[in-house]
Amino acid sequence: MDKSYDVCVIGAGVTGSAVARELTKYNLSVCVLEKEEDVCSGTSKANSGIAHAGFDPVPGSRMAELNVRGAELIRSLHKELDFPYRQNGALVLCFAEEDKPSLQALYERGVRNGVKELKILSGEEARALEPALSDQVVAALYAPTSGIVCPFGMTIAFAENAADNGADFYFLSPVKNVKKEKDGYAVRTPDHTFRVRAVVNAAGLYADRIHAMVSSEPLTVTPRRGEYILMDREVGDTVNATIFQLPGKQGKGVLVTPTVHGNLMVGPSADDIGDKEDTETTYAGMAGIREKARLSVPGVPLNRMITSFSGLRAHGTTGDFVLGQPADAPGFFNVAAIESPGLTSAPAIGEWTAREIAGYTGASENRNFNGSRKGIPHVAEMAPAERAALIASRPDYGRIVCRCENVSEGEIRDAIRRTLGARSLDGVKRRVRQGMGRCQAGFCTPGAIAILAEELGIPEEQVTKNRPGSELLVREDEI
Ligand SMILES: Cc1cc2nc3c(=O)[nH]c(=O)nc-3n(C[C@H](O)[C@H](O)[C@H](O)COP(=O)(O)OP(=O)(O)OC[C@H]3O[C@@H](n4cnc5c(N)ncnc54)[C@H](O)[C@@H]3O)c2cc1C
């Protein structure tokens with residue numbers, strides 16, 4: 001079936017969702033096509049969750065400009081869109097006297113990029129801030145403007161707010177072909193052909209394949225895997241700031257950081273791999289992370305690990321984000337090679353891309369745009385009186401389903417019922433953290449399946465973990 005829109009965004013990760021939200025600030029009809037069953041199903045779901053201050057990218061690059069602007073936007077957007085964020089600061093550790101000039105160069109780079117409040121600390125000053133740091137630290141770069149953010153929370157907030165402002169999302173809609181037509185493009189999925197004036201290619205690891213459908217300019221995206229170890233909340237206060245290592249004689253280094261939800265995390269590794277779907281974790285990856293993390297924090301409590309995971313960076317060849325129209329494909333806007341700091345930069349990438357598209361299409365401002373959104377209330381974080389009032393009006397908020405993260409039945413039901421609501425266990429997990437705690441969904445999965453089945457009006461054996469084919473239960477008479 002044919003459908004018409006002004007703009008089609010391919011990919012509902014953090015960048016596609018941020019672009020879609022910014023596009024709804026203009027009088028443009030917008031559709032978002034996503035091959036998976038939910039938003040935030042690609043790289044945006046597995047990363048460090050750092051809102052980088054911006055001292056790392058090369059001055060003058062798009063990455064530098066959009067990182068600093070993105071970090072600034074997140075500091076206000078998290079309140080407007082109600083997603084978890086905390087400005088916890090970051091330290092980049094230097095372990096050898098001979099590496100001090102590199103630390104100074106990083107400081108100067110940050111200053112040129114416009115990062116505020118940067119400071120070089122001595123080893124003693126760094127340890128005064130973070131007592132768990134190693135005695136081997138001789139100096140550190142301190143960036144108080146660095147923060148930690150919930151990558152799911154931010155992506156879902158952008159997407160929900162885009163949908164509330166009129167963007168249409170199509171899930172399980174893999175783009176198979178994009179073809180130039182007289183007045184725009186025809187974008188084909190198995191169910192529809194979308195006729196549009198402009199296309200945004202925010203397909204993450206697959207952006208090179210989408211680009212090649214319309215342009216002969218070279219664009220390669222290589223999956224670069226990063227593995228992580230996540231530890232229990234009980235040890236989440238081992239450090240307060242995000243602890244990076246200065247690239248030096250021990251290699252690129254790994255980070256030790258609290259997450260915005262109070263866990264402790266170490267990683268990532270960095271390995272170029274051939275397979276765009278290979279998110280396995282490996283013995284070698286885990287061993288490397290452990291060893292490097294102990295250099296920064298010798299007592300890092302790795303025995304409190306609750307899970308491991310990996311994410312795939314969409315690594316490009318230019319060292320910078322690939323944004324805008326290729327010369328041979330006007331109206332086709334790349335948002336490609338968005339590796340770190342892509343999460344931080346996403347709001348700024350959205351702002352920049354939407355402005356370019358408004359210019360290209362001649363769209364006017366949408367005066368009805370409503371930029372605020374309220375997240376799902378979390379009973380465990382409420383003051384007792386507020387909690388009692390909520391439970392009085394919604395008794396399902398008083399029944400806890402996930403005991404590790406204290407997630408109530410009401411939260412799970414609301415995760416399913418709201419705009420772009422969850423359709424799978426992973427969708428519920430990313431919205432309300434059911435199954436994210438110490439038992440890693442060992443105890444609460446049956447409860448969550450029952451609620452999903454009831455809310456979606458399907459039998460329990462049709463409830464999936466994520467994409468079709470990932471059902472967890474089978475009927476006894478079918479075994
Ligand atoms: C290990 C690691 C650590 C990182 N740490 C940080 C960090 O701390 N801070 C930071 O700022 N950044 C970090 N990043 C980078 C950040 O995670 C990414 O830049 C960002 O998530 C990219 O978002 P995206 O929307 O471009 O891609 P994705 O999230 O991958 O979204 C692309 C979407 O397109 C969909 N898609 C693909 N092909 C098609 C198709 N044919 N049709 C329809 N849909 C399609 C995919 O299913 C996917 O949902 C890290 C990345 C990694 C891997």
Side-chain angles (χ1 to χ4, degrees), residues 8-20 31-54 56-57 63 66-67 70-71 74 90 146-149 151-152 154-155 158-159 169-178 187-190 194 199-211 213 221 223-228 242 244 254-255 257 259-260 265 267-271 276-277 279 285 289 309-316 321-323 334-350 466-467:
C8 166
V9 180
I10 304 173
V14 71
T15 53
S17 301
V19 172
C31 65
V32 182
L33 311 183
E34 168 55 53
K35 71 179 169 66
E36 303 297 337
E37 93 295 353
D38 198 1
V39 300
C40 204
S41 296
T43 299
S44 303
K45 76 171 192 281
N47 50 61
S48 308
I50 311 299
H52 290 286
D56 206 27
M63 218 180 237
L66 296 170
N67 179 165
I74 289 174
S146 182
I148 43 182
V149 65
F152 327 116
M154 185 164 89
T155 306
F158 288 154
F169 282 69
Y170 294 81
F171 295 109
L172 298 175
S173 298
V175 169
K176 297 291 182 191
N177 191 26
V178 183
V187 182
R188 201 168 52 75
T189 67
F194 295 84
V199 174
V200 178
N201 174 18
L205 291 157
Y206 295 90
D208 50 352
R209 297 194 190 160
I210 301 285
H211 167 92
M213 293 172 187
V221 173
R224 177 170 286 181
R225 190 170 56 207
E227 301 179 36
Y228 291 92
T242 298
F244 295 102
V254 301
L255 59 77
T257 188
T259 70
V260 77
M265 188 163 75
S269 53
D271 297 298
K276 291 184 191 261
E277 299 286 325
T279 52
I289 294 167
F309 66 95
S310 77
L312 303 176
R313 304 166 181 90
H315 180 59
F321 299 147
V322 176
L323 300 176
N334 272 319
V335 181
I338 311 297
E339 50 190 320
S340 192
L343 183 71
T344 317
S345 310
I349 293 173
N466 39 60
R467 58 178 68 147

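One-based numbering, in listed order, for ligands and for the atoms of each. If you read the sequence from its start, that first residue is 1, and numbering goes on from there.
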At a 4.0 Å threshold, what atoms of ligand 1 neighbour a non-hydrogen atom of [X]?
X	answer
Gly42	29 (O), 30 (O), 49 (O)
Gly11	33 (C), 34 (O), 35 (C)
Glu36	47 (O)
Gly49	8 (O)
Ile50	7 (C), 8 (O), 9 (N), 10 (C), 11 (O)
Leu312	53 (C)
Gly311	53 (C)
Thr344	9 (N), 10 (C), 11 (O)

Nearest 0.5 angstrom please: Ile349 CD1 to Asn67 CG, how far?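 That separation rounds to 9.5 Å.
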Could you give the distance from OG (Ser173) to CD1 (Ile10), rounded to the nearest 0.5 Å?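 So the OG of Ser173 and the CD1 of Ile10 are separated by 11.5 Å.
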State which residues pass salt bridge (charged side-chain N to carboxylate O under 4.0 Å, His left out) with Arg209; sequence neighbours excluded, sorted by chain then number.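 So Arg209 forms no salt bridge (charged side-chain N to carboxylate O under 4.0 Å, His left out) with any residue.
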Is any side-chain heavy atom of [X] less than 4.5 Å from a side-chain heavy atom of [Y]?
X	Y	result
Leu255	Ser48	yes
Asn334	His211	yes
Val14	Met154	yes
Glu37	Asn466	yes

Is a salt bridge present between Glu277 and Arg467, judged by a nitrogen-to-oxygen distance below 4.0 Å? yes
Ion pair check, Lys276 and Asp208, cut-off under 4.0 Å: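 Between Asp208 and Lys276 there is a salt bridge, with a charged N closer than 4.0 Å to a carboxylate O.
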Would [X] count as a contact of ligand 1 if the rule is a heavy atom under 4.0 Å away?
X	answer
Ser173	yes
Thr155	no
Leu33	yes

Where the side chain of Thr155 meets the backbone of Cys40, is there a donor-acceptor pair that is under 3.5 Å apart? no
Heavy-atom donor-acceptor pair, Ser345 side chain to Pro341 backbone, under 3.5 Å: yes
Is the shortest N/O to N/O distance between [X] and ligand 1 below 3.5 Å?
X	answer
Ile338	yes
Leu343	yes
Pro268	no
Arg224	no

Closest non-hydrogen protein atom to [atom], residue and atom name please, with distance?
atom	value
atom 30 (O) of ligand 1	Thr43 N, 2.9 Å
atom 42 (N) of ligand 1	Val175 N, 2.9 Å
atom 2 (C) of ligand 1	Tyr228 OH, 3.5 Å
atom 50 (C) of ligand 1	Asn47 CB, 3.4 Å
atom 37 (C) of ligand 1	Ala203 O, 3.3 Å
atom 26 (O) of ligand 1	Thr15 OG1, 2.8 Å
atom 13 (C) of ligand 1	Ser340 OG, 3.3 Å
atom 29 (O) of ligand 1	Ser44 OG, 2.5 Å

Relative to ligand 1, is Ala202 under 4.0 angstrom through side chain, backbone, both or neither, heavy atoms considered?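 Contact part for Ala202 vs ligand 1: backbone (N, CA, C, O).
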For ligand 1, the portion of His52 having any non-hydrogen atom under 4.0 Å away: side chain
Option with minimal heavy-atom separation from atom 38 (N) of ligand 1, where the choices are Phe171, Tyr206, Phe309, Phe158: Tyr206
Please verify the inter-ring angle class for Tyr170 with Phe194; under 30° counts as parallel, over 60° as perpendicular, anything in between as tilted. perpendicular
Validation row, ring centre Phe244 to ring centre His52 under 6.0 Å: yes
Residues which pass side chain to side chain contact (heavy atoms under 4.5 Å, CB included) with Arg188, listed by chain and number, not counting sequence neighbours: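 Here the qualifying residues are Lys176, Asn177, Thr193.
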Quick one: closest heavy-atom pair of Ser310 and Ala46, and the distance?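 Shortest heavy-atom contact: O-CB, 3.5 Å.
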